[in-house]
Amino acid sequence: MYRAPVDEIAFTLKHVTGFGADLDAGRFGDLSEDLVDAIIGEAGRFAAEEIAPLAKVGDEKGAVLKDGTVTTPPGWADLYRRWCEGGWNGLAAPEEFGGQGLPTLLSVAAIEMWNSGSMAFAIGPTLTVGAIEALEKHATPELQKTYLEKLVSGEWMGTMNLTEPQAGSDLNALKARAEPVGDGTYRIFGQKIFITYGEHDFTDNIVHLVLARLPDAPAGTKGISLFLVPKFFVNNDGSLGARNDVFCASMEHKLGIHASPTCTMIYGDGKFGETPGAVGWLIGEENRGLACMFTMMNNARLAVGMQGVGIAEAATQKAIAYAQERRQGRAAGAPKNGGMSPIVEHPDIRRTLLTMKAETQMARAITYACAYAIDRARLDEGDEATAWQARADILTPMAKAFSTDVGVEVASLGLQVHGGMGYVEETGAAALYRDARIAPIYEGTNGIQAIDLVMRKLPLQGGEAVARLIGELRADQKSVAQARGLGATGEKLADALDDLEAATAFMTSTLAEGRVNEALAGATPYLRLFSLVIGVAFNARAVAGNENPGHAALVRFMAENLLGETGALRQRVTEGAGSLDAAADALLSA
């Protein structure tokens, strides 16, 4: 059974990100360390005692679509009601709309635990959080007044509608259309696929955020607008009115997250209302909808990164518990008459379990640091705020891609530890692996995250933003090199930083010379290289001055067992493009 790692989460919050020093300095107002601990503790209790017990029924029963209505698994709608009553939906939402206005960092810590309990449950409310942020930043006061309070409370839920059959990652191909009526509303027509929680029984209204094109819109992404399309219209007194012309036509049968309804949504089919067309309201400016949606997408990318961390933590806990109970063979040095040993005593299993724990903590450090940067960008002013926003921008693709890759890797390793019992469904190890596999795909595939890091984030501030970050990592390395009890951590981290700097210099010069394909060929190994170095360095900075032998031992394991990969990744970045092109031309030509 899942146990929320509240001590590890609190340690990462306070000592890895720098949040603890800010609390002591009063940077976050009257938010105290005691209150932070209380929030994390209660979130952990809810995740372990109320969400996790329903994960199995969610996986086995799944969501069901019948006559246009989606029913979630037994107990799930009531679980959502209790979750809202606990105030979790508005943890970081603005206070003026009923939220608690707490830091994003605390929300991210809670999201990790929700996903460890059940990724299929957590993804629905996560999208609502993104919709709240998009409306807060871009919607008119009238739309905010009508919808934000209900979204913040969780009484209503939000969705994100981008994908169409012909338009997945490439939104240039988007065809959904919006026709102005003349009274400030628009009629929306089209089909959207893979819409998470597009229809469900958690709430009596669903607020869809939909990308569509106006009749005179320019081609490409510069001609996309964003619209708010409710399932039910809202009367002036706040009560629900007639049904809008939008419905769920089908629901996908997926590898994992079975309890999360993934819907095909039809807009403007004439199924509801006297006049065909789903009625929508413009969010932001015409033809600038993608900029508005990116507010929600960046939120979602960090949240999806937390799915990777949450799954990895749950898989690690499950594997450690199994390894302590399962007996096979006799470990080296064990008494000859002692019978079979627990498999946790075998070196290869120990290496596997520590790899799982190390990768999980590395991903946790990166995602929490990204959330912390978001908070500092909002809190600070001027150049400081700009610098923190650049830091958040750099970390976001790594938070999404590295963490979700880790979720899959760690879930797979967990299944390996279980052996044959992992390949059958009874232990739950297979369910975690199935659930984890979607996270590297949606909200921008991990390959797209790598492209974003190389093409958009490396050039930020003329390259100075990345240079500052690497400079900080160098300072962390020097501090670690002087610490005792960390073995070769300082030396290994120094070598890895050399690899990162060399790969970064190669990417920068390659782009400057216009050799874009060469840079793109190495984007994915570059993202992993950068992430490995950051994951170790961020965790290493928390060793000094903290009496936490377990964390210090884990950092040493990271450095001496995982950082060696950076040399090979550097080689793939700087030398891999030629062989890639030659092999692709020979083997993949039509």
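- Residues Asp452 and Pro397 share a closest heavy-atom pair of OD2-CG, 3.8 Å.
- A donor and an acceptor atom, one from each side chain of Thr264 and Lys192, are nowhere located under 3.5 Å apart.
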Where do Thr396 and Leu302 land on the side-chain contact (heavy atoms from CB on, under 4.5 Å) test, with the steps shown first? CA-CA 6 Å; Thr396 294; Leu302 176 55; 5.5 Å; no
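- Proximity of a side-chain donor or acceptor of Gln191 to a complementary backbone N or O of Pro165 within less than 3.5 Å is not detected.
- For the pair Leu432/Lys318, a side-chain contact is recorded, criterion being any heavy-atom separation below 4.5 Å from C-beta on.
- Interatomic distance, CD of Glu252 versus CD1 of Ile257, reported as 11.5 Å (0.5 Å rounding).
- No side-chain donor-acceptor contact under 3.5 Å links Ser239 to the backbone of Asn235.
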Can you list the steps and then say if Phe202 with Arg81 is a side-chain contact (heavy atoms from CB on, under 4.5 Å)? CA-CA 8 Å; Phe202 280 9; Arg81 178 187 57 77; over 6 Å; no
side-chain hydrogen bond (donor to acceptor under 3.5 Å, both in side chains) assessment of Glu286 paired with Tyr186: CA-CA 11 Å; Glu286 291 185 352; Tyr186 298 78; 3.0 Å; yes
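- A distance of 10.5 Å separates CG of Leu527 from NZ of Lys457, quoted to the nearest 0.5 Å.
- Residue Asp237 places its CG atom among more than 12 non-hydrogen atoms of other residues, nucleotides or ligands, all under 6.0 Å distant.
- A 4.5 Å side-chain heavy-atom check between His258 and Arg434 finds at least one atom pair inside the cut-off.
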What verdict does the salt bridge (Lys or Arg N to Asp or Glu O under 4.0 Å) test give for Lys254 and Asp435, after you've listed the backbone C-alpha separation in whole Å, the side-chain angles of each residue and the deciding distance to 0.1 Å? CA-CA 9 Å; Lys254 309 185 296 292; Asp435 286 354; over 6 Å; no
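- Residues Thr524 and Ile451 form no side-chain contact, since every pair of their non-hydrogen atoms from C-beta on lies 4.5 Å or further apart.
- In this structure a side-chain-to-backbone donor-acceptor pair under 3.5 Å is missing from Thr445 to Ile441.
- The side-chain heavy atoms of Glu50 and Leu79, taken from C-beta on, include a pair separated by under 4.5 Å.
- Remark: side-chain polar atoms of Asn287 are not paired, donor with acceptor, to backbone N or O of Ile224 under 3.5 angstrom.
- Judged by distance alone, the side chain of Gln144 and the main-chain N or O of Glu136 form a donor-acceptor pair under 3.5 Å.
- Counted by atom type alone, Asp201 and Thr71 present zero donor-acceptor pairs between their side chains at under 3.5 Å.
- No side-chain N or O of Ser403 forms a donor-acceptor pair with one of Asp405 less than 3.5 Å apart.
- Between the side chain of Glu164 and the backbone N or O of Lys175, at least one donor-acceptor pair lies under 3.5 Å.
- By the neighbour-count criterion of 12 heavy atoms within 6.0 Å, atom CZ of Phe194 is sparsely surrounded, having that number or fewer from other residues, nucleotides or ligands.
- A donor-acceptor contact under 3.5 angstrom links the side chains of Thr185 and Asp183, judged on distance only.
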Could you go step by step and tell me if Leu209 and Phe227 meet the side-chain contact (heavy atoms from CB on, under 4.5 Å) rule? CA-CA 6 Å; Leu209 299 190; Phe227 300 89; over 6 Å; no
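- Judged by distance alone, with hydrogens and angles left aside, the side-chain atoms of Ser116 form a donor-acceptor pair with the main-chain N or O of Gly310 at under 3.5 Å.
- In this structure, Thr404 and Ile438 have side chains that are not in contact, with every pair of non-hydrogen atoms separated by 4.5 Å or more.
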Tell me, with the steps shown, if Phe28 and Asp375 meet side-chain contact (heavy atoms from CB on, under 4.5 Å). CA-CA 10 Å; Phe28 286 88; Asp375 284 328; 4.1 Å; yes
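- Listed for the Asp245 side chain is no donor-acceptor partner under 3.5 Å among the backbone atoms of Gly273.
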Should Glu42 and Arg45 be marked as a salt bridge (Lys or Arg N to Asp or Glu O under 4.0 Å) after you check the CA-CA gap, both sets of side-chain angles, and the distance that decides it? CA-CA 5 Å; Glu42 178 56 23; Arg45 184 207 66 77; 2.9 Å; yes
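- At least one side-chain heavy atom of Cys248 sits less than 4.5 Å from a side-chain heavy atom of Met265.
- Side-chain atoms of Glu49 and Tyr2 form no donor-acceptor pair, as typed in the model, at a separation below 3.5 Å.
- When side chains are defined from C-beta on, Thr159 counts as touching Asn161, because their heavy atoms get closer than 4.5 Å.
- More than 12 heavy-atom neighbours from other residues, nucleotides or ligands sit within 6.0 angstrom of CD on Glu8.
- Minimum interatomic distance between Ala43 and Ala110 (heavy atoms only, all atoms of both residues): CB-CB, 4.3 Å.
- Without hydrogens or angle criteria, Asn244 side chain to Val279 main chain gives a donor-acceptor distance under 3.5 Å.
- Between the side chain of Arg243 and the backbone N or O of Val246, at least one donor-acceptor pair lies under 3.5 Å.
- In this model, no donor atom of one side chain and acceptor atom of the other lie less than 3.5 Å apart for Thr203 and Asn205.
- Taking the centre of each ring, Phe189 and Tyr267 stay at or above the 6.0 Å mark.
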After noting the C-alpha distance and the side-chain angles of Tyr80 and Glu85, does the key distance pass the side-chain hydrogen bond (donor to acceptor under 3.5 Å, both in side chains) rule? CA-CA 9 Å; Tyr80 177 76; Glu85 289 174 351; over 6 Å; no
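- Using the six-membered ring where Trp is involved, Trp388 and Tyr372 have ring planes that are perpendicular, over 60° apart on the 30 and 60° scheme.
- Rounding to the nearest 0.5 angstrom, the gap separating the CG atom in Leu228 from the SG atom in Cys292 is 12.0 Å.
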I would like to know whether Lys400 and Glu443 meet salt bridge (Lys or Arg N to Asp or Glu O under 4.0 Å); could you show each step before the answer? CA-CA 9 Å; Lys400 194 278 181 183; Glu443 300 308 334; over 6 Å; no
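- Taking all atoms of both residues into account, the shortest heavy-atom contact from Leu240 to Asp204 is CD1-O, 3.6 Å.
- Rounding to the nearest 0.5 Å places CD of Glu313 at 12.0 Å from CG of Asn115.
- If you look at Phe19 and Tyr368, their ring centroids are not closer than 6.0 Å.
- Around CG of Asn236, the count of heavy atoms belonging to other residues, nucleotides or ligands within 6.0 Å does not exceed 12.
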For Arg177 and Glu179, what are the C-alpha separation, side-chain angles and deciding distance, and is it a salt bridge (Lys or Arg N to Asp or Glu O under 4.0 Å)? CA-CA 7 Å; Arg177 70 184 196 276; Glu179 299 178 357; 3.1 Å; yes
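- Contact record, Cys263 with Glu199: SG-N, 3.6 Å, taken as the closest heavy-atom pair.
- When all heavy atoms are compared, the tightest approach of Lys56 to Glu425 is NZ-O, 4.0 Å.
- At a threshold of 4.5 Å between non-hydrogen side-chain atoms, the residues Ile311 and Val410 do not count as touching.
- Rounding to the nearest 0.5 Å gives a distance of 5.0 Å between CZ of Arg187 and OG1 of Thr275.
- Considering CG of Leu54 and CH2 of Trp76, their distance stands at 7.5 Å, rounded to 0.5 Å.
- In this structure, Tyr423 places its OH atom where only 12 or fewer heavy-atom neighbours from other residues, nucleotides or ligands lie under 6.0 Å away.
- Other residues, nucleotides and ligands contribute at most 12 non-hydrogen atoms within 6.0 Å of the OH atom of Tyr433.
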